[in-house]
Amino acid sequence: FMYNSSHYVIYDGRNSDITNNIINVSSYSTNNTHHIIRSYSNGDYVNTIEGNTINHDHHNYDRVQYAIWTQSNTIVRNNTINIDAIDHAIYVESNCIVENNEMSGDYSDNVIHINGNDVSVYSNTINQTGVGSVIWFDSDNGIEIYNNTANTTGAKFLSATASEVSVHHNLIQTSSGRGIEIYNQSGGDIYNNTLISNSGDYGVYIHDLTELPVRNNIIVGFQNGIRDDNDLANTNLRYNDMYDISGSQYLGTGLPVMIG
């Protein structure tokens, strides 16, 4: 496929179920709107994008934007996305579920891009060799991220700003990337995650008027464990186990007198 304007492999105008397709794409992109699957939503009907296999081979310098792009009220489940170079794997808006997908390759931007409220992302396996965060969202509420397994090189697992999010029971492994960063008046909680790194700077970093509980996490191999840079002391930094931390287990302006 030659992507030299707004082109798609599968284009759904409204609320279709897209299931059990095998899509092999070799693309030449020239920096326009191009998605492999694009699906629009209308009303409260819940549609599914399920059981698809997408194999993508990229040529030239510009990248396809999304493997799967959908709007609200969509279940994205049991898809396999294998790419060599693309911007994002999955884009969703409000009231969506992203479940049990396998994503691998070089993603230059966020692997999973959330742009809406009440979204659950769980039981996915992500292997990210590019620089984009595994999951990213801005100004969204009711987000839950759990039971995912992620392996990255230099990318962080989660970046969230001005949002409400619960992050729990994820296995995160990164060579040099940051683990979890939540900031800019966000809320929620971070608990029961395992974060492993060779040289990442922080396992968890919360800052800019973001005071949320960080508890019962296992953090291994980062330069620093948990950094909290906020004006008020966060008394909910508790029961975290840290191993092979070369710098500080806890640091920042938001630490309470007693920490551990």
Side-chain angles (χ1 to χ4, degrees), residues 12-19 35 37-52 65-79 81 87-103 107 109-126 132-150 156-172 179-193 204 206 208-215 217 236:
D12 165 35
R14 183 176 63 185
N15 296 345
S16 295
D17 293 331
I18 302 171
T19 61
H35 310 149
I37 294 176
R38 185 178 180 96
S39 176
Y40 285 96
S41 301
N42 183 274
D44 296 329
Y45 180 83
V46 177
N47 66 300
T48 62
I49 301 174
E50 182 172 2
N52 302 285
Q65 292 176 316
Y66 295 96
I68 296 174
W69 184 100
T70 187
Q71 293 184 308
S72 299
N73 304 313
T74 303
I75 299 171
V76 182
R77 175 188 290 146
N78 295 335
N79 300 284
I81 303 172
D87 286 345
H88 313 264
I90 296 172
Y91 169 95
V92 295
E93 296 182 357
S94 294
N95 302 308
C96 287
I97 292 172
V98 180
E99 174 195 0
N100 200 38
N101 302 281
E102 295 184 8
M103 293 155 272
Y107 298 91
D109 212 325
N110 328 113
V111 181
I112 300 173
H113 180 182
I114 299 170
N115 186 26
N117 301 318
D118 302 314
V119 173
S120 296
V121 178
Y122 59 91
S123 301
N124 300 282
T125 300
I126 305 106
S133 298
V134 173
I135 302 171
W136 182 89
F137 47 93
D138 180 356
S139 303
D140 300 314
N141 296 311
I143 309 300
E144 189 173 15
I145 311 294
Y146 63 99
N147 289 346
N148 300 286
T149 299
K156 71 182 71 171
F157 172 68
L158 172 66
S159 181
T161 175
S163 297
E164 188 81 18
V165 56
S166 180
V167 188
H168 60 92
H169 295 94
N170 299 285
L171 174 58
I172 303 159
I180 296 170
E181 183 172 9
I182 302 177
Y183 57 102
N184 190 20
Q185 302 184 61
S186 292
D189 50 19
I190 302 170
Y191 65 94
N192 289 106
N193 301 284
V204 175
I206 56 176
D208 292 314
L209 302 177
T210 297
E211 182 181 348
L212 48 78
V214 183
R215 64 186 190 277
N217 300 284
N236 288 304

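No experiment lies behind these values; they were computed from the predicted model shown. Both backbone and side-chain heavy atoms feed into the values below; hydrogens, waters and symmetry mates do not.
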Between [X] and [Y] (side chain of the first, backbone of the second, donor and acceptor by atom type, cut-off under 3.5 Å), is there such a pair?
{"X": "N148", "Y": "I126", "value": "no"}
{"X": "D12", "Y": "R14", "value": "yes"}
{"X": "N193", "Y": "I172", "value": "no"}
{"X": "N15", "Y": "N42", "value": "yes"}
{"X": "D17", "Y": "T48", "value": "yes"}
{"X": "N73", "Y": "G43", "value": "yes"}
{"X": "S163", "Y": "S139", "value": "yes"}
{"X": "N115", "Y": "Y91", "value": "no"}

How close do [X] and [Y] get, counting heavy atoms only, and between which atoms?
{"X": "I18", "Y": "S39", "answer": "CD1-CB, 4.2 Å"}
{"X": "Q185", "Y": "T210", "answer": "N-OG1, 3.2 Å"}
{"X": "I190", "Y": "V204", "answer": "CD1-CG1, 3.8 Å"}
{"X": "S186", "Y": "A162", "answer": "OG-N, 2.9 Å"}
{"X": "K156", "Y": "S159", "answer": "CD-CB, 3.7 Å"}
{"X": "A67", "Y": "I81", "answer": "CB-CG2, 3.8 Å"}

If the condition is salt bridge (charged side-chain N to carboxylate O under 4.0 Å, His left out), which residues does E99 pass it with, not counting sequence neighbours?
R77
Supply the atom-to-atom distance [X] [atom1] to [Y] [atom2], rounded to the nearest 0.5 angstrom.
{"X": "N52", "Y": "N78", "atom1": "CG", "atom2": "CG", "value": "10.0 Å"}
{"X": "R215", "Y": "D189", "atom1": "CZ", "atom2": "CG", "value": "5.5 Å"}
{"X": "S133", "Y": "H113", "atom1": "OG", "atom2": "NE2", "value": "11.0 Å"}
{"X": "I145", "Y": "L158", "atom1": "CD1", "atom2": "CG", "value": "6.0 Å"}
{"X": "I206", "Y": "E181", "atom1": "CD1", "atom2": "CD", "value": "11.0 Å"}
{"X": "Q71", "Y": "N95", "atom1": "CD", "atom2": "CG", "value": "12.5 Å"}

Between [X] and [Y], is any pair of side-chain heavy atoms under 4.5 Å apart?
{"X": "V92", "Y": "T74", "result": "no"}
{"X": "V134", "Y": "M103", "result": "no"}
{"X": "I90", "Y": "V121", "result": "no"}
{"X": "S41", "Y": "N47", "result": "yes"}
{"X": "I97", "Y": "Y122", "result": "yes"}
{"X": "S94", "Y": "D118", "result": "no"}
{"X": "V119", "Y": "D140", "result": "no"}
{"X": "I180", "Y": "N217", "result": "no"}

Ring centres of H169 and Y146 under 6.0 Å apart?
no
Is it true that W136 and F157 have ring centroids separated by less than 6.0 Å?
no
Once you measure the plane-to-plane angle for Y66 and H35, does it fall in the parallel (<30°), tilted (30-60°) or perpendicular (>60°) bin?
perpendicular
Is the W69 ring parallel, tilted or perpendicular to the Y40 ring (thresholds 30°, 60°)?
perpendicular
Output all residues satisfying ring pair (Phe, Tyr, Trp, His ring centres under 6.0 Å) with F137, sequence neighbours left out; order by chain, then residue number.
none
Ring pair (Phe, Tyr, Trp, His ring centres under 6.0 Å) involving Y45 - partner list, sequence neighbours excluded
none
Taking atom types as modelled, find out whether N184 and D208 have a side-chain donor-acceptor pair closer than 3.5 angstrom.
no
